[in-house]
Participant: 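Here it is, the structure in full.
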Amino acid sequence: MTQVRVRFAPSPTGFLHIGGVRTALFNWLFARQQKGVFILRIEDTDQSRSTDESIQAIIEGMKWVGLDWDEGPFRQTERMDLYSSHAKQLLEHGQAYWCHCKAEELDARRKEAEAKGLSQKYDGRCRDRGLTNAAGDAALRFKAPQEGETVVDDLIKGKILFDNSVQDDLIILRSNGYPTYNFSVVVDDALMNITHVVRGDDHLTNTPRQIPIFEALGFPVPRFGHLPMILGSDKARLSKRHGATSIMAYRDMGYLPDAMVNYLVRLGWSHGDQELFTRQELIEKFSWKNVQTSPAVFNPEKLLWVNAEYIKISPLTDVAQALMPLLEAAGLTDDVRAAPAGWLAQLVVLVKERAKTLVEMVDWVRPYFGQAATFDEEAAKKFLTPAIAPILGKLLTRFEALPVFSKQTWEAAFKQLVEEEGVKMGQLAQPVRVALTGRTASPGLFDVMEVLGRDRTLSRLRQGIERASRA
RNA sequence: GGUCCCAUCGUCUAGCCUGGCCUAGGACGGAGCCCUCUCAAGGCUUAAACACGGGUUCAAAUCCCGUUGGGACCA
């Protein structure tokens, strides 16, 4: 068995988008499972649209989702002589020819053919004229076989037959000397010994155009696999108008890279009823057989659920680490550094059941920073009333009598007071919650006290009483 | 227009290859209930799909043909 060699070949014309990541992911998974090689290749022959920033964005995105490559990144613009030398080889072997037809002429003839209801493909006018490129403005066309059929045994869709008689003699070198997409891909895939070309569905009809080029060049033909597209909620191809499509936007929205990966793989691939997979499981269980043949709609709600699951099950230190940049942006990192080691992890435990993203988590965690609580006005108005002040005072007195904080004893003291006063738990709990956190929603009261510690619990309680008395 | 691809709950999907175990399973989202100091989380319950029409067969979501509807590519 020869070693598996696969590649991800994005064009650097913007950020790295969701669809690209998924394509990369399937390739990567297969490479890692097969102990093969994963190659990153930048298809930047379209210089008018390619930018260095885009290349950086691709690399940054790949790193963020943890898709490491073994070779590359290669850039097509550094390989231009390879395309021309292989084009020349085809010309010398009579498998390509110079075509002098101008774009306008081709256009006119195509329209004419269309009007007559004939095939719109190139009419082969220059095919056997043995023209040269003396003027330097001719395009080089590939002599595509016109008989028989080309078979694509797709890894995902199975056998697909294409009739060669409808295949065009496609241009492989433009009149400006630049290779066309279909030609440079073949040269690259062949020279890089790619064994499995796995790409988006949109390239399916390019495949029967490319296979004869591999053959004419004398290279073995790789296996092909075509991944179904990702659609937006309106079933149209996923684009900016469906919301964020850049992978990095999801980092900024507080998604964990592993959650992204898990969701994206499940979008088009399945393993029975299983929804959550570790990276290792994905590598072990992946198979082309279970890749869906039909397109999938990107569903942000399910992604959000997957992310929430990952926040709950990921190692605390990982979540805390991923949270740090966001805390930094919120200006909260000084407190983290001042706090004892493990304090942040303790906080994460407190809120990880409630936060579906890291961005939400920052908000959940905010009340535990700083000495004083910041009151939500409505919450304070509703719960910190003069009527409740006396009982809050009694609670404070009892807590002050307890020299060290202990969840059990403080909870017992609290409940005893509730019982003695003949009120409901909630009647006291809500005001205390507002006093301690400033808000009406929080984790369990005694967990909150534990994270705040004895001193801050008492001082915030005093602050609450003060507010209640003057209301 | 030509060629090709696709078609199971709103969405992601299992089942399809190797027909019967499918009165079609799971998940997200929705609805309801339970738990409860709030918010979550969790638990339970529930509504919701084989695009349509023919055929083959004792039997079809599963095989075949067609229709319709989406999509891609070529320009």
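Keep in mind it's a predicted model, so treat the numbers as computed, not measured. In what follows, chains are A, B, ... by sequence order, proteins preceding strands, each numbered from 1.
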Participant: Using modelled atom types only, decide if a donor and an acceptor are shared between the side chain of Thr180(A) and the backbone of Ile171(A) within a distance under 3.5 Å.
Facilitator: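 Confirmed, Thr180(A) side chain pairs with Ile171(A) backbone.
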
Participant: Stepwise, does the side chain to side chain donor-acceptor pair (under 3.5 Å) test hold for Ser175(A) with Asp137(A)?
Facilitator: CA-CA 5 Å; Ser175(A) 52; Asp137(A) 62 351; over 6 Å; no

Participant: Does the ring center of Trp28(A) lie less than 6.0 Å from the ring center of Phe8(A)?
Facilitator: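 No; Phe8(A) has its ring centre 6.0 Å or more from that of Trp28(A).
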
Participant: For Thr245(A), enumerate each residue passing the side chain to side chain donor-acceptor pair (under 3.5 Å) test, keeping only those at least two apart in sequence or located in another chain.
Facilitator: none

Participant: Just wondering, are more than 12 heavy atoms of other shown residues or ligands nearer than 6.0 Å to NE2 in His86(A)?
Facilitator: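 Atom NE2 in His86(A) is packed in, count exceeds 12.
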
Participant: Round to the nearest Å and state the distance from Leu304(A) atom CG to A27(B) atom C1'.
Facilitator: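 Interatomic distance, CG of Leu304(A) to C1' of A27(B): 15 Å.
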
Participant: Might you list the N or O atoms of the protein lying below 3.5 Å from N or O atoms in nucleotides 13-19 of chain B, with each pair's distance?
Facilitator:
unit_1, atom_1, unit_2, atom_2, d
U13(B), OP1, Gly268(A), N, 2.5
U13(B), O3', Ser270(A), OG, 3.0
A14(B), OP1, Ser270(A), OG, 2.8
A14(B), OP2, Gln292(A), OE1, 3.0

Participant: In whole angstrom, give the distance that lies between atom NZ of Lys157(A) and atom P of A72(B).
Facilitator: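 After rounding, the reported distance stands at 13 Å.
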
Participant: In whole angstrom, what separates Phe383(A)'s CZ from C39(B)'s C1'?
Facilitator: 12 Å

Participant: Which is it for His226(A) and Asp154(A) under the side chain to side chain donor-acceptor pair (under 3.5 Å) test, yes or no, and what are the steps along the way?
Facilitator: CA-CA 7 Å; His226(A) 293 91; Asp154(A) 195 272; 2.7 Å; yes

Participant: In whole angstrom, what separates Asp202(A)'s CG from C73(B)'s P?
Facilitator: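 Nearest whole value for this atom pair: 6 Å.
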
Participant: Please work out if Phe414(A) contacts a base, only the sugar-phosphate, or nothing of the nucleic acid, heavy-atom cut-off 4.0 Å.
Facilitator: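 Contact class for Phe414(A): none.
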
Participant: Check nucleotides 30-37 of chain B against the protein and report each pair of N or O atoms closer than 3.5 Å, with its distance, or say if there are none.
Facilitator:
unit_1, atom_1, unit_2, atom_2, d
C37(B), O2', Arg433(A), NH2, 3.4
C37(B), O2, Arg433(A), NH2, 2.3
C37(B), N3, Leu445(A), N, 3.3

Participant: Does G10(B) have its OP1 or OP2 closer than 4.0 Å to a side-chain nitrogen or oxygen of Ser233(A)?
Facilitator: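 Indeed not, no polar side-chain atom of Ser233(A) lies that close.
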
Participant: Quick one: does any side-chain atom of Asp153(A) pair with a main-chain N or O of Arg223(A) as donor and acceptor, under 3.5 Å?
Facilitator: no

Participant: For Lys382(A), which contact category applies under a 4.0 Å heavy-atom criterion: base, sugar-phosphate, or nothing?
Facilitator: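 The answer is nothing, as Lys382(A) stays clear of every strand by at least 4.0 Å.
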
Participant: Which ones in residues 203-210 of chain A lie close to RNA chain B, meaning a heavy atom under 4.0 Å from one of its atoms?
Facilitator: Leu204(A), Thr205(A), Arg209(A)

Participant: Using a cut-off of less than 4.0 Å, is there contact between a side-chain N or O of Lys312(A) and OP1 or OP2 of A40(B)?
Facilitator: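 Checking Lys312(A) against A40(B): no side-chain N or O falls below 4.0 Å of OP1 or OP2.
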
Participant: Expressed as a whole number of angstroms, how long is the span from Leu231(A):CG to A72(B):C1'?
Facilitator: 11 Å

Participant: Identify the residue among Phe224(A), Trp288(A), Phe30(A) that makes a ring-ring contact (aromatic ring centres under 6.0 Å, His included) with His196(A).
Facilitator: Phe30(A)

Participant: Let's test this: given Watson-Crick or G-U wobble pairing with both distances under 3.5 Å, identify the partner of C73(B).
Facilitator: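 Checking every strand shown, C73(B) finds its partner in G2(B), with both distances under 3.5 Å.
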
Participant: List in chain and number order the residues that pass salt bridge (Lys or Arg N to Asp or Glu O under 4.0 Å) with Arg354(A), two or more places apart in sequence or in another chain; answer none if no residue qualifies.
Facilitator: none

Participant: Picking from C28(B), C6(B), C39(B), which would you name as closest to the side chain of Lys302(A)?
Facilitator: C28(B)

Participant: What's the shortest heavy-atom distance between Asp188(A) and Gln76(A), and which atoms?
Facilitator: OD2-NE2, 2.8 Å

Participant: Over how many whole Å does the gap from Leu238(A) atom CG to U11(B) atom C1' extend?
Facilitator: 14 Å

Participant: Polar-atom pairs under 3.5 Å, protein N or O versus N or O of nucleotides 43-46 of chain B: list them with distances, or write none.
Facilitator:
none

Participant: Both distances below 3.5 Å, Watson-Crick or wobble geometry, any strand: find the nucleotide opposite A14(B).
Facilitator: none

Participant: Take atom CG of Asn164(A) and atom C1' of G2(B), then tell me their distance rounded to the nearest Å.
Facilitator: 16 Å

Participant: With sequence neighbours left out, write down each residue that passes ring-ring contact (aromatic ring centres under 6.0 Å, His included) with Tyr97(A), or none if nothing qualifies.
Facilitator: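 Not a single residue meets the ring-ring contact (aromatic ring centres under 6.0 Å, His included) criterion with Tyr97(A).
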
Participant: Going by the ring pair (Phe, Tyr, Trp, His ring centres under 6.0 Å) test, which pairs reach into residues 138-165 of chain A, not counting sequence neighbours?
Facilitator: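 As it turns out, there is no ring pair (Phe, Tyr, Trp, His ring centres under 6.0 Å) pair with a partner in residues 138-165 of chain A once direct neighbours are skipped.
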
Participant: Closest-nucleotide mapping onto RNA chain B: is Trp364(A) or Lys159(A) further toward the 5' terminus? I mean the 5' end.
Facilitator: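 That would be Lys159(A).
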
Participant: Do Gln274(A) side-chain and G26(B) base share a donor-acceptor contact under 3.5 Å?
Facilitator: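 Donor-acceptor pair under 3.5 Å: no.
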
Participant: Under 3.5 Å, sequence neighbours excluded: what are the donor-acceptor pairs made by side chains of residues 357-365 of chain A?
Facilitator:
unit_1, atom_1, unit_2, atom_2, d
Thr357(A), OG1, Val359(A), N, 3.3
Thr357(A), OG1, Glu360(A), N, 3.0
Glu360(A), OE1, Lys356(A), N, 3.0

Participant: Where the side chain of Gln33(A) meets the backbone of Glu284(A), is there a donor-acceptor pair that is under 3.5 Å apart?
Facilitator: yes

Participant: With ring pair (Phe, Tyr, Trp, His ring centres under 6.0 Å) as the rule and sequence neighbours excluded, what pairs involving residues 434-458 of chain A come up?
Facilitator: Phe414(A)-Phe446(A)

Participant: Among residues 144-151 of chain A, which residues get a heavy atom nearer than 4.0 Å to RNA chain B?
Facilitator: none

Participant: What is the base-pairing partner of U56(B), counting Watson-Crick and G-U wobble geometry with both distances under 3.5 Å?
Facilitator: none

Participant: Looking only at side-chain atoms of Trp305(A), point me to the closest of G29(B), C4(B), G26(B).
Facilitator: G29(B)

Participant: Atom OH of residue position Tyr178(A) - does it have more than 12 heavy atoms of other residues, nucleotides or ligands inside 6.0 Å?
Facilitator: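 Counting neighbours around OH of Tyr178(A), 12 or fewer heavy atoms of other residues, nucleotides or ligands fall under 6.0 Å, so no.
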
Participant: Report which part of the nucleic acid Ser442(A) touches: base, sugar-phosphate, or nothing (heavy-atom distance under 4.0 Å, all strands).
Facilitator: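 Base, at least one base heavy atom under 4.0 Å.
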
Participant: Looking only at side-chain N and O atoms, does Lys235(A) come under 4.0 Å of OP1 or OP2 in A7(B)?
Facilitator: no

Participant: Show, in sequence, the C-alpha distance, side-chain angles and deciding distance for Phe277(A) and Trp269(A), and conclude whether the ring-ring contact (aromatic ring centres under 6.0 Å, His included) test is met.
Facilitator: CA-CA 12 Å; Phe277(A) 301 82; Trp269(A) 174 83; 5.3 Å; yes

Participant: Describe the nucleic acid contact of Glu275(A) in one word from base, sugar-phosphate, nothing, applying a heavy-atom distance below 4.0 Å.
Facilitator: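 Base: the residue Glu275(A), judged by heavy atoms under 4.0 Å, touches a nucleobase.
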
Participant: Quote, to the nearest angstrom, the P distance that separates A51(B) from U8(B).
Facilitator: 6 Å

Participant: Within the pair Arg199(A) and A72(B), is there a side-chain N or O less than 4.0 Å away from OP1 or OP2?
Facilitator: no

Participant: Grab the CD1-P distance between Ile160(A) and C73(B) for me, whole Å please.
Facilitator: 15 Å

Participant: So, do Phe286(A) and Phe26(A) have ring centers that fall under 6.0 Å from each other?
Facilitator: yes

Participant: In the structure shown, which nucleotide is the Watson-Crick or G-U wobble counterpart of U68(B), with both distances under 3.5 Å?
Facilitator: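 Per the H-bond distance test, A7(B).
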
Participant: Strictly by Watson-Crick or wobble contacts shorter than 3.5 Å, is anything paired with C39(B), and which nucleotide is it?
Facilitator: none

Participant: According to salt bridge (Lys or Arg N to Asp or Glu O under 4.0 Å), who are the partners of Glu421(A), at least two apart in sequence or on a separate chain?
Facilitator: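 Per chain and number, Glu421(A) pairs via salt bridge (Lys or Arg N to Asp or Glu O under 4.0 Å) with Lys394(A).
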
Participant: Using a 4.0 Å heavy-atom cut-off, does Arg439(A) contact any base of the nucleic acid, only the sugar-phosphate backbone, or nothing at all?
Facilitator: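 Touches nothing.
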
